[in-house]
Structure formats: C-alpha cells, structure tokens
Novice: 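Dropping a structure here in structure tokens format, bear with me for questions.
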There are 2 protein chains.
Amino acid sequence: MRTRKNSTKNAPSRAWEDYLKAIYKLEKPEPTDKGVQTKELAERMSISQASVTNMLKKLADEGYIQYEPYYGVTLNDSGRSIAMKMIRNHRVLESYLVERLGYSWDEVDEEAETLEHFLSDKLVERMWNDLGQPTHDPHGSPIPNIDGTIERKNLTSLAEVKLDTPVMLERIKNRSPEELRYLASIGMHIGAKIVIKNQAPFNGPLLIEVDDQHFHALDYRMALALFVEDNTDSINH
Amino acid sequence: MRTRKNSTKNAPSRAWEDYLKAIYKLEKPEPTDKGVQTKELAERMSISQASVTNMLKKLADEGYIQYEPYYGVTLNDSGRSIAMKMIRNHRVLESYLVERLGYSWDEVDEEAETLEHFLSDKLVERMWNDLGQPTHDPHGSPIPNIDGTIERKNLTSLAEVKLDTPVMLERIKNRSPEELRYLASIGMHIGAKIVIKNQAPFNGPLLIEVDDQHFHALDYRMALALFVEDNTDSINH
DNA sequence: AAATAAAGTTAGTCTTGGCTAAAGTTTTTC
DNA sequence: GAAAAACTTTAGCCAAGACTAACTTTATTT
Ligand SMILES: [Mn+2]
Ligand SMILES: [Mn+2]
Ligand SMILES: [Mn+2]
Ligand SMILES: [Mn+2]
C-alpha cells in the first residue's frame, strides 16, 4: 500500500523546478543514448552528488523524469513542460525588465533566477502581451510558447565560422554579468555584423571586425557563447 | 560558548518576514502597554500557538522583537524596518500591477503576498520611480518610504461618520477579492463623495449616497474597512 | 585482466519550520 | 477567590532539502 502523501499533486517546489530546468539545459540537442549525469547536475547546481541522487529518485517517483541508476536521467513530458515554463517565465521577465524598467542585460539574470518560480501565469502572460508577444529575448534566446514548444534553430558558434565570411550575431548565451558588460562594450549586440579576420592557433583568440568599424581580439571561450545563423544546410543539401 | 550558526546575519527567511509583518499589522496605532498577543498572531497566520511561541523566541534571540512571555510582543527597530520593507514591496508591486499591467485591484494581493519576499530593492525602486514615486497605493494605503517611515494619518471609519455630512473616501483596507469587486461595483473608489443618510440600529446597515447619484445599503462590517478624513481635530482643538 | 579512477549510491545526520497533545503557568475576568 | 482564557513548556512527530562519509558500480588504463 504505497499510498503517498503527495498523491494529490502539489505544485512542484522551487527546488524541483530548478532541478528540472537544469536537466533540460544539460540535455544534448541531439538525443544520445545516455542521459544527463548526476555529476553534471551536481556541479551546475552546486549541490552534492548525494543530494542530487536523492532528489532524482523523488523526481522519478513523481514521473517527471526517467531515471536509470548509474546511467543518468532524461526528462519526461511532464518534467519537460515544467522546465519550459521556468524558461519562459525567466526570459519573459528578463525581457520585461530590460524593455520596461531600464535594466541592462547583465543585471537581470539574478533577479529572474528567483522570481521565475513565483510569478503567476497571469503575470507572465500580461508582461508578454505588453511586450508585444516577443519570440526571443533581447539576447536572442527563444522564448518558449505557452504550450511548451520552443524554436530549435541550428545556430553555429562564432568559434566555428569561416574566415572573412560576414555573419550576423543571433544569440548570446548566458555569461556572467562582467562578461556581458565586456561584450556589450565591444559592440557585440544582436544583429551586429561580424567578420572573423583570423584565429590564433591552439584555440587562441579570434581577430574580429565588428560592424565594419572596429577590430577586437576575442577570447576563444567567449566566441563559443556567441551564435550566428547556421550555414551547413546549404552545404549539406 | 553559545556560538550561533546564524551570527553572521543571514537574510531573514520568508517565514520570519511574514511574522514581522503580521506583528506590525496587529500593533495598535496608539502605543499601548501590552504588545501583540500570541493568539492574535496564531489566528491571523493560521499557525498553531505553540509554533508561534517557538518562533517568537527565535525572533527575540535575533533582536527583531521585544518579547515578554505572557505579555506579548512588540517590534524593535530592526524588526519594524523589515516589516516596513515588506509593506513597501507589497504596495509598490500592487500599484505597479494595477497601473502598468492592467490588473484590477482585487487580483493583486495574492500575487504580492508571495512576491514581496523575493523582489530586489533595485526592482522595487525602479517600479516606484516608473510610477512617479507615489505616496499611496491605488486603494489609499500609504506606501512606506525607503527609510522605513510611514505616514500615519488619523482616518475615521465610515461607520463613525455623522449623518448627512459629506465625506471623501480616502482608503479601503484589505478585503477579500469578492468584497473588493462588490465595493467597486457600487462606486466605492478613492475620492468618491459619500453621505450617510441613515444607520439601522444594532450595528445594522448604513444607507449611503455615493457621488450624489446612487443610494446603497452598506453592511456595517464593510463600513468599518472604509476610511475618510478624520474630523476630531477640528472638534478637539 | 587487474588496477585505478571516476561516477554514483547508501546511510545517517542536520536545520528549518511546521504539527499535536498534555501538563503546567500566568493573567484576566467574573 | 475561583474560573476562564491565554500562554508556555515539554515531548514527540513530520517533511523538505541539504550535508558528509563510506561503500558500490562503471569506465579507463596499464
Ligand atoms: Mn537569465
Ligand atoms: Mn531558479
Ligand atoms: Mn495587498
Ligand atoms: Mn508574504
């Protein structure tokens, strides 16, 4: 008689939501055989591995994830839907703070990381409508739809772009506030025209030209977080 | 060696903030000899008396309150300052939701009750500035200043107003969403002109005229939550 | 194929913030 | 002065979500 106290589904707690979101973010876009590792989760969330294992069992019990001990974890539909909701809440709020309350992009993440769990559906929809139902946040990340679907464009990292081929910056993935401020200071905003003029060996810095105006040396690790339109389609087809 | 884990002051938790706010709300405007009762707190917060006693000891340990067993509790400056901050957060957010996101007044309280604990100072100040630094929320309640001071006007409940004396509605104290909607539907908004035409005996309903237009029968208990400018000054002076 | 390293799980503990129930204390009211 | 109400104490319980230490499983080297 495994009657569970929680059988009348309470809303998942903040902790559960953060786990599900972290799993989503660690899942590879191309589905592989192995799921997300306990260790990856522990590291990303700054929580001990033992605590992660513990929580994964609960999440699996409630049907949010597929959990194969020692082999990692994948999201079920119910879990993915919660993850998408958190990401929608997060990105809509961040967009709102930037567009309506004069926040700069590097200030919004901390606020959103907490508030994403406490915003009502109503509030998120009102902010989203007020913003004109945007599909992307100000840093180019897609905002999931209310039904939990999300655009999955194939973007290429700036680190992989050919030399002397102009590209347009489409998305800047999460970096620290300091890095974001730096990137902004060298003109790296969505829509900027970028040309890679050279790449130093051993994954060294890139020499780039921004908006036909300035040259900058861009650290390779930062280039990995900057994304442009993918061109492989036209090549593979 | 009573080294306490918490001696490096962590931010007070949501639970602590809600206690301090509840104590503030139960303190009488005219300072009396006795503080707020355990029982009142227990009732207002829907928490058992034993649990309240327990928490009061912790709050006193940390210096947020003055706690005299059997005699009730009063806020210290540190505790009052947290209470004021919660109320400021709450009222600024409610005002913002109404003014900028099209909420109606009866929708905002639930949202604010949770979010008040998670809004950053920065966000509250930006909303407040965006609204033009209002001193009162849309239902006439004063918004505490950043330094924790608050206007304490002497208002009179509509239940105590003399017959046939026109008064202006200044403040509607917290009621349920249903009651707020009803009050709105009979024209009870801040600034409305009200004349008491009659009061039925035994604390019965008031016959009122609103904005020189309509007559309504107003339940005595609702009249207790509606406030107008105090006139006793001009009488006592 | 064994040894080692890395990843993962188990078991036991802790803190926070709740609860009930029963018994004793203090204050207030009659 | 007695009874009622409010309050505290004690004891024991619970759930969530962390932790550490010890052990197990899987993967990688040699
Ligand atoms: Mn973010
Ligand atoms: Mn979060
Ligand atoms: Mn409110
Ligand atoms: Mn609250």
Side-chain angles (χ1 to χ4, degrees), chain A residues 2-23 26 32-62 64-74 82 113-114 117-118, chain B residues 2-23 26 32-62 64-74 82 113-114 117-118:
Chain A
R2 293 256 290 82
T3 28
R4 201 187 293 100
K5 172 71 77 40
N6 208 14
S7 66
T8 41
K9 280 263 177 107
N10 300 37
S13 69
R14 174 178 185 176
W16 289 38
E17 288 172 345
D18 272 336
Y19 272 93
L20 293 170
K21 188 176 138 188
I23 295 167
L26 290 170
T32 51
D33 45 338
K34 300 197 67 173
V36 175
Q37 296 182 112
T38 303
K39 205 210 172 188
E40 298 176 274
L41 277 167
E43 254 159 26
R44 174 176 245 268
M45 303 182 75
S46 306
I47 284 174
S48 74
Q49 290 195 62
S51 297
V52 172
T53 299
N54 195 51
M55 183 60 101
L56 292 182
K57 284 192 282 196
K58 296 188 203 169
L59 290 168
D61 269 7
E62 294 295 334
Y64 291 123
I65 60 174
Q66 218 54 47
Y67 174 43
E68 186 70 44
Y70 293 103
Y71 273 89
V73 73
T74 45
I82 289 169
E113 199 52 61
T114 300
H117 308 284
F118 303 104
Chain B
R2 292 255 291 85
T3 30
R4 203 187 292 97
K5 174 69 80 40
N6 208 16
S7 66
T8 43
K9 282 261 175 110
N10 300 37
S13 68
R14 175 178 184 175
W16 289 37
E17 289 173 343
D18 273 337
Y19 271 95
L20 293 169
K21 189 175 136 188
I23 294 167
L26 290 170
T32 51
D33 45 337
K34 300 201 63 174
V36 174
Q37 296 183 115
T38 303
K39 204 207 175 191
E40 298 176 275
L41 277 167
E43 255 160 26
R44 176 177 244 268
M45 304 182 75
S46 306
I47 283 174
S48 75
Q49 287 197 52
S51 297
V52 171
T53 298
N54 195 51
M55 182 61 101
L56 291 182
K57 284 191 282 196
K58 295 188 204 170
L59 290 168
D61 269 6
E62 295 294 333
Y64 291 122
I65 59 173
Q66 217 55 47
Y67 174 43
E68 187 71 46
Y70 293 104
Y71 270 90
V73 74
T74 45
I82 289 169
E113 200 50 62
T114 300
H117 307 284
F118 303 104

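All values below were derived from every heavy atom in this structure, side-chain atoms included, with hydrogens, water molecules and symmetry-related copies excluded. Quick caveat: nothing in here was measured; it's all calculated off a predicted structure.
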Novice: Measure the distance from CE on Met45(A) to C1' on dG17(D) and round it to the nearest whole Å.
Specialist: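 My rounded result for the distance is 11 Å.
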Novice: Between Glu62(A) (CD) and dG17(D) (P), how many Å, whole number?
Specialist: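 Going from CD in Glu62(A) over to P in dG17(D) covers 11 Å.
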Novice: Could you tell me the separation between the CD atom of Glu68(B) and the C1' atom of dA6(D), rounded to a whole number of Å?
Specialist: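 One finds 15 Å between C1' of dA6(D) and CD of Glu68(B), rounded.
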Novice: Looking at Thr53(B), does any N or O in its side chain come under 4.0 Å of the phosphate oxygens OP1/OP2 on dT8(D)?
Specialist: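 Checking Thr53(B) against dT8(D): at least one side-chain N or O falls below 4.0 Å of OP1 or OP2.
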Novice: Verify the contact: side-chain N or O of Tyr67(A) to OP1 or OP2 of dT9(C), cut-off strictly under 4.0 Å; return yes or no.
Specialist: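 So the side-chain polar atoms of Tyr67(A) do come within 4.0 Å of the phosphate oxygens OP1 or OP2 of dT9(C), strictly under.
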Novice: When you look at Asp18(B) and Arg14(B), which way does the salt bridge (charged side-chain N to carboxylate O under 4.0 Å, His left out) test go after all the steps?
Specialist: CA-CA 6 Å; Asp18(B) 273 337; Arg14(B) 175 178 184 175; 3.7 Å; yes
Novice: Could you tell me the separation between the CD atom of Gln37(A) and the C1' atom of dA27(D), rounded to a whole number of Å?
Specialist: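 My rounded result for the distance is 11 Å.
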Novice: Under a 4.5 Å cut-off applied to non-hydrogen side-chain atoms, are Val52(A) and Met45(A) in contact?
Specialist: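 Not in contact.
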Novice: Atom CG of Leu56(B) and atom P of dC7(D): how far apart are they, to the nearest Å?
Specialist: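 Whole-Å distance recorded here is 10 Å.
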Novice: Would you say that Tyr67(A) contacts Asp61(A) through its side chain, given a criterion of any heavy-atom pair below 4.5 Å between the two side chains?
Specialist: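 Of all side-chain heavy-atom pairs linking Asp61(A) with Tyr67(A), none is under 4.5 Å.
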Novice: Between Lys39(B) and Glu43(B) (salt bridge meaning N to carboxylate O under 4.0 Å), is one present in this structure?
Specialist: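 Salt bridge between Lys39(B) and Glu43(B), a charged N being under 4.0 Å from a carboxylate O: yes.
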Novice: Going 5' to 3' along nucleotides 18-28 of chain C, which nucleotides have protein heavy atoms under 4.0 Å from the base (write B), which only from the sugar-phosphate (write S), and which from neither (write -)?
Specialist: SBB---BBSSS
Novice: Do Ile65(B) and Tyr19(B) touch side chain to side chain, with heavy atoms closer than 4.5 Å?
Specialist: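 Not touching, per the 4.5 Å side-chain cut-off.
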Novice: Rounded to whole Å, please give me the gap between CH2 in Trp16(B) and C1' in dG17(C).
Specialist: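 Atom CH2 in Trp16(B) sits about 11 Å away from atom C1' in dG17(C).
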Novice: Run through Ile82(A), Val73(A), Ile23(A) and flag the one making a side-chain contact (heavy atoms from CB on, under 4.5 Å) with Tyr64(A).
Specialist: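 With Tyr64(A) as partner, side-chain contact (heavy atoms from CB on, under 4.5 Å) holds for just one option, Ile82(A).
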Novice: Using a cut-off of less than 4.0 Å, is there contact between a side-chain N or O of Ser13(B) and OP1 or OP2 of dT16(C)?
Specialist: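 Ser13(B) to dT16(C) OP1/OP2: no side-chain N or O under 4.0 Å.
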Novice: Among dG17(D), dT8(D), dG8(C), which is the nearest nucleotide to the side chain of Thr38(B)?
Specialist: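 So the nucleotide nearest the side chain must be dT8(D).
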Novice: To the nearest angstrom, how far is Arg14(B) atom CZ from dG17(D) atom C1'?
Specialist: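 Going from Arg14(B) (CZ) to dG17(D) (C1'), I get 17 Å.
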Novice: Given atom NZ of Lys57(A) and atom P of dA18(D), what is their separation to the nearest angstrom?
Specialist: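 Those two atoms, NZ and P, are 15 Å apart.
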Novice: Would you indicate whether the side-chain heavy atoms of Phe118(A) and His117(B) approach each other to under 4.5 Å?
Specialist: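 His117(B) vs Phe118(A): side chains apart.
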